[in-house]
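Residue indices begin at 1 and follow the sequence shown. These numbers come from the heavy atoms of this one structure, side chains and all, not from hydrogens, waters or symmetry mates. Predicted model, so just to flag it, every value in this text is computed and none were measured.
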Amino acid sequence: MSTVTIIGGGPAGYVAAITAARLGKQVVLIEEAELGGTCLNEGCIPTKSLLESAETYDRIKHASRFGIDLPLDQVHLNWQSVQQYKNNVVKKLVLGIGYLMKKNKVHVVKGKASFLTDQLIRVQTEDGIAEITANQFIIATGAEPIALPFAPFDGEWVIHNRHAIALPEVPSSLLIVGGGVIGCEFASVYSRMGSKVTIVEMADQILPGEDSDLAAILYHQLVKDGVLIHTSTSVQEIDRNDRSVTLAMNGEITKMTADYVLVAIGRKPRVEGLGLDQIGVLYTKQGIQVNEHMQTSIPHMYACGDVVGGIQLAHFAFHEGEVAAENACGKQKKINRRVVPRCIYTWPEIGSVGLTEKKAREIYGDIRIGEFPFAANGKALILGEQTGKVKVIVHPEFNEIIGFSIVGPRATELIGQGSMMLHSEMTVDTMESFIAAHPTLSEALQEAVLSATGLAVHL
């Protein structure tokens, strides 16, 4: 039987393992830590668990707006219980992946792998060194946080996301370097739990990859929640002795102190120690080079997930893992980068898919835009979450929906509807007779689409 060996048990790796096994291959999956990778153990799942606790705590403190009176002096955040809740969620999902490996007869080896040849790897396990050969290999080793060049992570004061999800207590102050997705999500967590949070971002806005109008809505909410945000600001020096950070801000140099400095300036592919140079797999600092079939420079080797760079999202890693595994099993499947939703689990949430307004204007020029505010949506009013809006971007000639952005309540769930529209290549004309249930947040999506043609009812 033909064998496929996969290095890395994160979203890309374990999905590739299941896919290859179901296609009849003998599969070996090598993982040096826990199944589930960064997303499940250090990123997506634990941070969203913390965000859920933070949002629940905030809603309880403001329950009076729903007519529920509580003695606020008796409402307390139990950080140890919050951590236990998070850990329980992670544990259940890790066990679930372990079950899927057994169900699909994937042989899991715990250890660190490196290539000896293009058909042989060495695995350092707790019991010693093992050597594994295979017909096909899939590299899915993920990525790791990038440190400031003059301030390596120490896990005690200068920290990254893995440290930030498991602090011994809620810090009284937290300085976040980087106003991207990770930085803003942690700002939402800790500001709502009582920390004095400061974000420092080099770009002229937080969330540099999204449209400025969406980023502005989140900016104002974070400020309302007590977060101090400095854009167009860079870190010049970090002094561990007095725990101070020197910043260049508005042409001036200033110092700040904080209990922790969370560095969230990006992630880099995890390629060191794999022996890729030895066997001739081509890669750059952006990641392993692959074609549209997830094939590396060596035909029987594939790579997928964050280790190839590009779109570093768990759900895209799932897709890449499927594509890599199917092609390793003899199929000819191409990657789909056209419709990949982007979700940011701050408060308010942000969900986007397709082109941003800025990118669409660069490509098509005079595009059409439809918008609808949650302030005019009945369900949002009921929830007490009227902040935000829905924005749809329409092709100027063919009326095709080419971009969807939502900032507001349940945006990361609602964006699935936008993704379906883009995936199906729908036009605004096809939505004119669509009936959305009332009262729902989904009505805002329909109204935004209709507003692109001047047919919105509630504007």
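For the pair Glu357 and Arg361, the salt-bridge criterion is met [side-chain N within less than 4.0 Å of a carboxylate O]. The pair Arg410-Glu413 does not meet the salt-bridge criterion, since no charged nitrogen lies less than 4.0 angstrom from a carboxylate oxygen. Ionic pairing of Lys48 and Glu185 is present here: one or more N-O contacts between side-chain nitrogen and carboxylate oxygen are shorter than 4.0 angstrom. Salt bridge present: Glu210 and Arg342 bring a charged side-chain N and a carboxylate O closer than 4.0 Å.
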Assess the residue pair Glu400 and Thr427 against the criterion (side chain to side chain donor-acceptor pair (under 3.5 Å)); give the C-alpha distance rounded to whole Å, side-chain angles, the decisive distance to 0.1 Å, and a yes or no.
CA-CA 4 Å; Glu400 182 181 349; Thr427 64; over 6 Å; no
Would Val89 and Ser49 satisfy side chain to side chain contact (heavy atoms under 4.5 Å, CB included), going step by step from the backbone distance to the final call?
CA-CA 8 Å; Val89 171; Ser49 297; 3.9 Å; yes
Between Val227 and Ile199, does the side chain to side chain contact (heavy atoms under 4.5 Å, CB included) criterion hold? Intermediate values first, please.
CA-CA 7 Å; Val227 179; Ile199 294 177; 4.0 Å; yes
Working for ring-ring contact (aromatic ring centres under 6.0 Å, His included), residues His315 and Phe318:
CA-CA 5 Å; His315 45 277; Phe318 292 152; 7.8 Å; no
Under the criterion side chain to side chain contact (heavy atoms under 4.5 Å, CB included), I'd like the reasoning laid out for Val197 against Phe186: C-alpha separation, chi angles, the key distance, then a yes or no.
CA-CA 9 Å; Val197 178; Phe186 275 109; over 6 Å; no
Between Leu262 and Val177, is the side chain to side chain contact (heavy atoms under 4.5 Å, CB included) condition met? List the steps.
CA-CA 6 Å; Leu262 169 59; Val177 181; over 6 Å; no
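Of the possible polar contacts, one joining the Thr141 side chain to the Arg270 backbone as a donor-acceptor pair under 3.5 Å is found. A donor-acceptor pair is defined here as one N or O able to donate and one able to accept, closer than 3.5 Å; no such pair exists between the side chain of Arg192 and the backbone of Glu55. For Gln386 (side chain) and Phe374 (main-chain N/O), no donor-acceptor pair under 3.5 Å exists by modelled atom type. Judged purely by atom type and a 3.5 angstrom limit, Glu385 has no side-chain atom pairing as donor or acceptor with the backbone of Gly408. Glu292 places no side-chain N or O within donor-acceptor distance of the main-chain N or O of Lys334, the cut-off being under 3.5 Å. With Asn135 contributing its side chain and Thr3 its backbone, the two residues share a donor-acceptor pair below 3.5 Å. Between the side chain of Asn41 and the backbone N or O of Gly37, at least one donor-acceptor pair lies under 3.5 Å. Between the side chain of Asn161 and the backbone N or O of Glu42 there is at least one donor-acceptor pair closer than 3.5 Å. With hydrogens and angles disregarded, no donor-acceptor distance shorter than 3.5 Å links the side chain of Arg368 to the backbone of Pro396. Judged by distance alone, the side chain of Arg338 and the main-chain N or O of Leu422 form a donor-acceptor pair under 3.5 Å.
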Can you give each donor-acceptor pair under 3.5 Å made by side-chain atoms of residues 104-113, sequence neighbours left out, with the distance rounded to 0.1 Å?
unit_1, atom_1, unit_2, atom_2, d
Asn104, OD1, Arg22, NE, 2.9
Asn104, ND2, Leu100, O, 2.8

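In this view, Lys333 and Glu326 satisfy the salt bridge (Lys or Arg N to Asp or Glu O under 4.0 Å) rule, not counting sequence neighbours. Here Tyr190 pairs with Trp79 under the ring pair (Phe, Tyr, Trp, His ring centres under 6.0 Å) rule; sequence neighbours left out. Not counting sequence neighbours, the partners of Lys389 by the salt bridge (Lys or Arg N to Asp or Glu O under 4.0 Å) test are Asp213, Glu371. Ala325 pairs by the side chain to side chain contact (heavy atoms under 4.5 Å, CB included) definition with Ala16, Thr19, Ala20, Ile138, not counting sequence neighbours.
Minimum interatomic distance between Pro171 and Leu174 (heavy atoms only, all atoms of both residues): CG-CB, 4.4 Å. Across all their heavy atoms, Ile146 and Ile265 have their closest contact at O-CG1, 3.5 Å. Residues Ser442 and Gln417 approach most closely at OG-NE2, 2.7 Å, considering heavy atoms. Between Phe137 and Ile121, the shortest heavy-atom contact is CE2-CG2, 3.7 Å. Across all their heavy atoms, His293 and Asn327 have their closest contact at O-ND2, 2.9 Å. Looking at every heavy atom in both residues, Leu313 comes nearest to Pro341 through CD1-O, 3.5 Å.
In this structure, the side chains of Ile159 and Leu167 come closer than 4.5 Å at one or more pairs of heavy atoms. Annotation: side chain of Thr387 is in contact with side chain of Ile217 (closest heavy-atom distance under 4.5 Å). The closest side-chain heavy-atom distance from Thr296 to Leu276 is not below 4.5 Å. The side-chain heavy atoms of Ile415 and Phe404, taken from C-beta on, include a pair separated by under 4.5 Å. Between Cys343 and Ile350 the shortest side-chain heavy-atom distance does not fall below 4.5 Å. At least one side-chain heavy atom of Asp429 sits less than 4.5 Å from a side-chain heavy atom of Glu432.
A side chain to side chain contact (heavy atoms under 4.5 Å, CB included) with Leu445 holds for exactly one of Leu450, Val392, Val390; it is Val390. Only one option out of Met301, His300, Gln119 pairs with Gln136 in a side chain to side chain contact (heavy atoms under 4.5 Å, CB included); it is His300. Checked against Ser352 for a side chain to side chain contact (heavy atoms under 4.5 Å, CB included), the options Leu214, Ile406, Val340 give a single hit: Leu214. Checking each of Lys92, Lys86, Lys91, Gln84 against Asn88 for a side-chain hydrogen bond (donor to acceptor under 3.5 Å, both in side chains) leaves exactly one that passes, namely Gln84.
The list of salt bridge (charged side-chain N to carboxylate O under 4.0 Å, His left out) pairs with a residue in residues 125-139, not counting sequence neighbours, is empty.
Counting non-hydrogen atoms of neighbouring residues, nucleotides and ligands closer than 6.0 angstrom, the CD atom of Gln286 exceeds 12 such neighbours. Atom CE of Met193 is surrounded by more than 12 heavy atoms from other residues, nucleotides or ligands within 6.0 Å. Around CD of Gln124, the count of heavy atoms belonging to other residues, nucleotides or ligands within 6.0 Å exceeds 12. In this structure, Ile363 places its CD1 atom where more than 12 heavy-atom neighbours from other residues, nucleotides or ligands lie under 6.0 Å away. Shown here is Arg59, whose CZ atom has more than 12 heavy atoms of other residues, nucleotides or ligands within 6.0 Å.
Of the inter-residue distances, the one linking Leu274 atom CG with Ser114 atom OG reads 7.5 Å to the nearest 0.5 angstrom. Taken from OG1 in Thr133 to CG in Asp118, the straight-line distance is 11.5 Å, to the nearest 0.5 Å. Between Ile344 atom CD1 and Ile182 atom CD1 the span is 11.0 Å, to the nearest 0.5 Å.
A donor-acceptor contact closer than 3.5 angstrom is absent between the side chains of Gln83 and Asn87.
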